[in-house]
Amino acid sequence: MTRYRCKGTVCGLFMKNDLQLETLRHSTAHVMAAAVCRIYDNVLLDIGPSTDDGFYYDFDMPQRLTPDDFPAIEAEMAKIVAEDLPFERIEVSRDEATKMLAGQKYKIERLADIPEGEAISFYKCGTFFDLCRGPHVESTGKLRAFKLLSVAGSYYRGKETNPMLQRINGTAFTNDKQLGLYLKQIEEAKLRDHRKLGKELDLFSMHEEVGPGLIHWHPKGARIRSLIEDFWRQEHFRNGYELLYTPHVGKANLWQTSGHLDFYKEGMYAPMEIDKSDYYVKPMNCPFHINIYKSDIRSYRDLPLRWAELGTVYRYEKAGVLHGLLRVRGFTQDDAHIFCTPEQIEDEIKEVLRFSTFIWKTFGFESITAYLSTRPEKAVGDPARWEQATVSLESALKASGLPYEVDEGGGAFYGPKIDLKIKDAIGREWQMSTIQFDFNLPDRFDLSYIGEDGEKHRPYMVHRALFGSIERFFGILVEHYSGAFPAWLAPEQVRVLPLSEDQLDAAADMVVELRKQDIRVTMDHKSGKIGAKIRNAQMDKVPYMLVLGAKEIEAGTVAVRDRTGAQEVITLADFVEKLKTAVQDKA
RNA sequence: GCCGGCGUAGCUCAGUGGUAGAGCAGCUGAUUUGUAAUCAGCUGGUCGGGGGUUCAAGUCCCUCCGCCGGCUCCA
């Protein structure tokens, strides 16, 4: 029952609580607001904090801002910096503050948020002043390197019912070099954007006539997915899971029992009526797995049951939040449910963490951080069970050796959970695996097992997803590898490049030979220079190119060029051996 | 959903009221090539859909669809 956040921050490298940098950025936000107020009339201010990778400031003003306005604002900011205006802190009474903020309705509301007894401070530079806790740099002259990046709408306090403000996002660093590095990283992220690469490498598409957020997997994307799924299945069997397949639709009654119709209806596709019953497309797999659990009387001797499914679900996600493969409406979860006794839960959690860590390392994600979310105020289920589950999660985390943070009260209403975040090749963090206790569904469906004592007991139920959604994971993987998939995942592992027409037959024979060995191979039939063929193969990010000329045929060898440009001349048998080893090792 | 931007050939894009363009890709032909682009010719578009303004609309207006940026967070 977990929902996944879609985006990594662009720039994990520069994150982390660097107070100096935060202060600098916050001051830059003030200078930007000051510049905006100098240029435009009737500007209402909201807030301007620093963020993980920069800062923003929210304005309500008649003028519609566009990126074309940035140069003028930046020029005005540069002037303010040149003026080297000191940031002055002024503490005032609430009444004085109200007077100073006359006409600034958002600020006045923000002022009301400040608890009685807490100091009310303003920061002033030149004629511009702003309700602000601080701290700030000494003077505007301290600002060195900043850039405005984007403008977008943003609800006041993030609420849809509130007015929409205009938010200018920017970033700032202590020097131009770091700013340059950051901007370069944004460029790098754009280059490896999975939507761009998905088109260039012919991996997947979406179609207006089908509907937003519904993915079409092209042959190359489908091949990669199939390899991922094969690996996933194999490892699940190896780790003591059984696989399930369940229907895509279910009657209203089922979703009534599960609670989805009461609490999740707006996230579901509208029902279709068949034989006077409403059928809903599934947004989750859990109720089906539960039905299978309930299809028999379960003994404590049967537990734990670990059941996994690549279950395709559909959810109505708001149109505005859809994003490539990362946030879609139809997706396949690598969903699993573990049913176990209280005595078993800790070992089960440990195993899931170990399994999950293994999977991430296989895909080349080395840096993993865990987040433990505990009981929120509004929660269902026996507090003693919450306690046991939370303790189990935490001790499993300790045993795993993973670094972790605790989000007190951050759990779902139905159980505590562990989320794993991984860092990709350019340092961005993504929330991936979830291990989620559920104290809700077992009650709703009245799940039980017969214990040693001959009595009925409620099993523990844990939802667990490693990838979350195959679509989203695939999108992240494309960006992580920048489209250059390792040999074990590459849809086309080898491309044979005949030097001229004279080698066409030999090349075709080589393709047949390699294909027999389960190698994913194609050949370039076109006439043209070898340089062009190499270029095409490079752009398609094929791991190995085999150049075949008269020399190689004569000597019984192939000229192997890999994606990095490294070359060697070896026998075909040696090449096959080498490739198979790489695939075996998932290198 | 909301605010803003955008939608022109398979792809990347130019074209701001007066006869729809380029490069790449594709096709055909020539070339037979030694490690990131051989040359030439050709094909390809109801300019996202619908409606309107105008003598005339890719261009202006309305509307729908889709895409992009964003919508908790130290006042």
Length of the CG-P vector between A:L214 and B:C65, whole Å: 16 Å

Salt bridge present between A:D540 and A:R495 (N-O < 4.0 angstrom): yes

Partners passing ring pair (Phe, Tyr, Trp, His ring centres under 6.0 Å) against A:Y481 (at least two apart in sequence or in another chain): A:F485

Donor-acceptor under 3.5 Å (A:K541 side chain, A:S482 main chain): yes

Ion pair A:K417/A:D419, N-O distance below 4.0 Å: yes

Phosphate-side-chain proximity, A:R133 and B:C73, N/O vs OP1/OP2 below 4.0 Å: no

Distance in angstrom units between A:I168 CD1 and B:C71 C1', rounded: 16 Å

Check: A:L111 main-chain N/O paired with A:R94 side-chain donor or acceptor under 3.5 Å: yes

Pairing partner (Watson-Crick or G-U wobble, both distances under 3.5 angstrom) of B:C13: B:G21

Euclidean distance for C1', B:G51 against B:G44 (whole angstrom): 29 Å

Pair partner, B:G45 [Watson-Crick or wobble, under 3.5 Å]: none

A:D130 and A:K107 ion-paired at < 4.0 Å: yes

Pairing partner of B:G34 (Watson-Crick or G-U wobble, both distances under 3.5 Å): none

Nearest-Å distance once atom C1' is located in both B:U31 and B:G69: 48 Å

Rounded P spacing from B:G29 to B:G45 in Å: 22 Å

Over 12 non-hydrogen atoms of neighbours within 6.0 angstrom of CD in A:E138: no

Nucleotides 33-38 of chain B: protein proximity per nucleotide (B base, S sugar-phosphate only, - neither; heavy atom, under 4.0 Å): BBBBBB

Salt-bridge present (A:E266, A:K318; N to O < 4.0 Å): no

Length of the line joining A:D407:CG and B:C73:C1', which is rounded to integer Å: 13 Å

Contacting residues from residues 96-112 of chain A, given that a heavy atom lies under 4.0 angstrom of RNA chain B: A:K107, A:R110

Rounded interatomic separation in angstrom, taking CG from A:L24 and P from B:C74: 17 Å

Whole-angstrom distance between B:C64 and B:U28, as gauged at atom P: 46 Å

Partner nucleotide, any strand, of B:C60 [Watson-Crick/G-U, under 3.5 Å]: B:G52

Approximate separation, where rounding is to 0.5 Å, of A:T171 OG1 and A:F55 CZ: 7.0 Å

A:D58 and A:R167 ion-paired at < 4.0 Å: yes

Value in whole Å for how far the P atom of B:C74 lies from CZ of A:R25: 15 Å

Sugar-phosphate, base or nothing in reach of A:F122, heavy atoms under 4.0 Å: nothing

Between B:G48 and B:C13 - P atom distance, rounded Å: 15 Å

Distance in angstrom units between A:D53 CG and B:C73 C1', rounded: 14 Å

Watson-Crick or G-U wobble partner of B:C39, both distances under 3.5 Å: B:G29

Set of side-chain contact (heavy atoms from CB on, under 4.5 Å) partners for A:E188, sequence neighbours left out: A:L191, A:R192, A:I426

Spacing of A:D202 atom CG relative to B:A25 atom C1', expressed in whole Å: 12 Å

Identified pairing partner of B:G7, criterion: Watson-Crick or G-U wobble below 3.5 Å: B:C65

Inter-nucleotide P distance (B:U12, B:G7), Å rounded: 13 Å

Results of side-chain contact (heavy atoms from CB on, under 4.5 Å) for A:I534 - residues two or more places apart only: A:L497, A:I530, A:Q538, A:M545, A:V547, A:R561

Pairing of A:E187 and A:K190 as salt bridge, 4.0 angstrom limit: yes

B:U72 to B:G10 separation - P atoms, rounded to the nearest Å: 38 Å

Interatomic distance, A:E200 CD vs B:A25 C1' [rounded to whole Å]: 13 Å

Protein proximity profile, nucleotides 1-10 of chain B - base contact B, sugar-phosphate-only contact S, no contact -, cut-off 4.0 Å on heavy atoms: BBBS------

N or O in side chain of A:H323 less than 4.0 angstrom from B:G70 OP1/OP2: no

Watson-Crick or G-U counterpart of B:G1, or none if no pair lies under 3.5 Å: B:C71

Rounded distance in Å between the C1' positions of B:C27 and B:U59: 33 Å

Flag if over 12 foreign heavy atoms under 6.0 Å of CZ, A:R89: yes

Sugar-phosphate, base or nothing in reach of A:H207, heavy atoms under 4.0 Å: nothing

